[in-house]
Amino acid sequence: MQNQTTPGTLLTAMRANPPLVQCITNYVAMNIAANVMLAAGASPAMVHAEEEAGEFAAISGALTINIGTLSTGWMAGMVSAAQSATKAGKPWVLDPVAHYATSFRRKAVAELLELNPAIIRGNASEIIALAGGTSRGRGVDSRDPVELAEESATLLARKYRSVIAVTGATDFVTDGNRAVRIEGGSPLMTQVTALGCALTCLVGAFAATRPEDPFDASVAALTAFAVAGERAAREAAGPGSFSWRFLDALAALDETVIDREARIIPA
């Protein structure tokens, strides 16, 4: 009988063989994203230039693309990297930050969606809008509850054959057939700049560890965040102390802790 795959077993596997993950993320997120990856046990590489992004994607375990501070040059690097990752059979994750805000972003995301992301990670407003619905999002801020995005997530998962991870007070993950909700975390997480962007990078790390099942990988990454966030909030006085406590909590996670404290509910 095979051992059951759990967030804890995937965390152990990731730390035993730390994956190299190419993170094309925004300027605001680079530092916190790199620190989150290191705390969790992965190896981040912030490589985005068109001249090398595609070549680097081929040697990475996974790729993550975040359009937070989008530019024409960065877009060229994103496309090159996504094409290379797909060709090499490496999973890649799309974070469509505020894709509904401008025509430039809408066009960029439409092009990236054609390049077969294994996972799409976004907030509720982003996922609702991506499915063609009307969201209440303003800029990068989500004003829609996750439960309103669940139907949109399922439609997107089936349309693009991707795993959709909707994050918020209670996360929702689906591949169009399986679906779970993940409880935990803390409201303080929304007060730390780019923590959600860092989560996208961590999803990539778990996807590199389990490329054959991006659903399990996504659930594991979101569960690690939820457990670490809940633990960090117990002693935090505010967002400042929460930020460093979160990194410490993430680094302190082990297989026993994460599986004991995970709250994963079939949807």
Side-chain angles (χ1 to χ4, degrees), residues 7 25-26 29 64-68 70 92-102 105-106 108-110 112-114 116-192 194-204 206-207 214-226 229-230 262-267:
T25 193
N26 62 75
T64 68
I65 293 178
N66 172 303
I67 68 164
L70 189 63
W92 73 274
V93 186
L94 175 62
D95 190 338
V97 179
H99 66 90
Y100 46 75
T102 66
R105 288 174 179 273
R106 290 191 293 272
V109 165
L112 290 168
L113 284 170
E114 294 301 317
N116 305 310
I119 302 164
I120 301 170
R121 202 291 308 173
N123 63 42
S125 295
E126 289 162 348
I127 297 303
I128 291 169
L130 203 61
T134 301
S135 77
R136 296 185 296 165
R138 185 184 66 177
V140 299
D141 296 326
S142 178
R143 295 190 168 191
D144 297 287
V146 170
E147 55 265 29
L148 288 184
E150 291 184 1
E151 183 178 356
S152 296
T154 302
L155 292 172
L156 288 170
R158 292 171 179 169
K159 179 178 179 179
Y160 293 107
R161 297 181 181 178
S162 301
V163 170
I164 311 298
V166 192
T167 53
T170 297
D171 301 330
F172 178 76
V173 182
T174 183
D175 62 3
N177 295 306
R178 295 173 290 175
V180 298
R181 298 183 184 95
I182 301 166
E183 297 180 345
S186 165
L188 288 171
M189 299 174 86
T190 63
Q191 298 179 45
V192 178
L195 206 54
C197 302
L199 172 56
T200 296
C201 295
L202 188 61
V203 170
F206 277 93
F215 178 83
D216 278 355
S218 299
V219 171
L222 270 59
T223 300
F225 244 59
E230 196 164 54
R263 299 206 300 277
I264 304 169
I265 305 165

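Each residue takes its place number in the sequence, starting with 1. The model shown is predicted, which means the values in this text are computed figures rather than measured ones.
Side chains of T25 and T64 form no contact here, defined as non-hydrogen atoms less than 4.5 Å apart. Put simply, the side chain of L199 reaches to within 4.5 Å of the side chain of L222, judged on heavy atoms. Annotation: side chain of L94 is in contact with side chain of L113 (closest heavy-atom distance under 4.5 Å). Between L112 and I65, the closest side-chain pair of non-hydrogen atoms falls below 4.5 Å. Counting heavy atoms from C-beta outward, V163 and I120 have side chains that stay 4.5 Å or more apart.
For A267 against F172, the heavy-atom pair with the smallest separation is CB-CE1, 3.8 Å. Closest of all the heavy-atom pairs between V109 and P96 is CG2-CB, 4.0 Å. Shortest non-hydrogen contact noted between Y100 and A129 is CD2-CB, 3.6 Å. Contact between I182 and A226 at its shortest, heavy atoms only, is CG2-CB, 4.2 Å.
For the atom pair OG (S152) and NZ (K159), the distance works out to 11.5 Å, reported to the nearest 0.5 Å. The CG atom of L155 sits 11.5 Å away from atom CD1 of I128, with the distance rounded to the nearest 0.5 Å. Atom CG of N66 sits about 7.0 Å away from atom SG of C201, to the nearest 0.5 Å.
A donor atom on one side chain and an acceptor atom on the other are found under 3.5 Å apart for D144 and S125. R121 and T167 form a side-chain donor-acceptor contact under 3.5 Å, judged by distance and modelled atom types alone.
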Could you go through V173 and V166, starting from their C-alpha distance and side-chain angles, then the distance that decides it, and tell me whether this counts as side chain to side chain contact (heavy atoms under 4.5 Å, CB included)? CA-CA 6 Å; V173 182; V166 192; over 6 Å; no
For D171 and V180, run side chain to side chain contact (heavy atoms under 4.5 Å, CB included): C-alpha distance rounded to whole Å, both residues' side-chain angles, the deciding distance at 0.1 Å, then the answer. CA-CA 8 Å; D171 301 330; V180 298; over 6 Å; no
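Residues meeting the side-chain contact (heavy atoms from CB on, under 4.5 Å) test with A194, sequence neighbours left out: V28, A29, I32, C197. Residues passing the salt bridge (charged side-chain N to carboxylate O under 4.0 Å, His left out) test with R181 are E150, sequence neighbours excluded. With sequence neighbours excluded, the residues forming a ring pair (Phe, Tyr, Trp, His ring centres under 6.0 Å) with F225 are F246, listed by chain and number. With sequence neighbours left out, the side-chain contact (heavy atoms from CB on, under 4.5 Å) criterion links A157 to I164, T174. Considering only residues two or more places apart in sequence or on other chains, E183 meets the salt bridge (charged side-chain N to carboxylate O under 4.0 Å, His left out) condition with R263. Residues forming a salt bridge (charged side-chain N to carboxylate O under 4.0 Å, His left out) with R161 (at least two apart in sequence, or on another chain): none.
A donor-acceptor contact shorter than 3.5 Å links the side chain of E126 to the backbone of N123. Between the side chain of W92 and the main chain of I119, no donor-acceptor pair closer than 3.5 Å is present. Within the 3.5 Å criterion, the main-chain N or O of Y160 finds a donor-acceptor partner in the side chain of S162.
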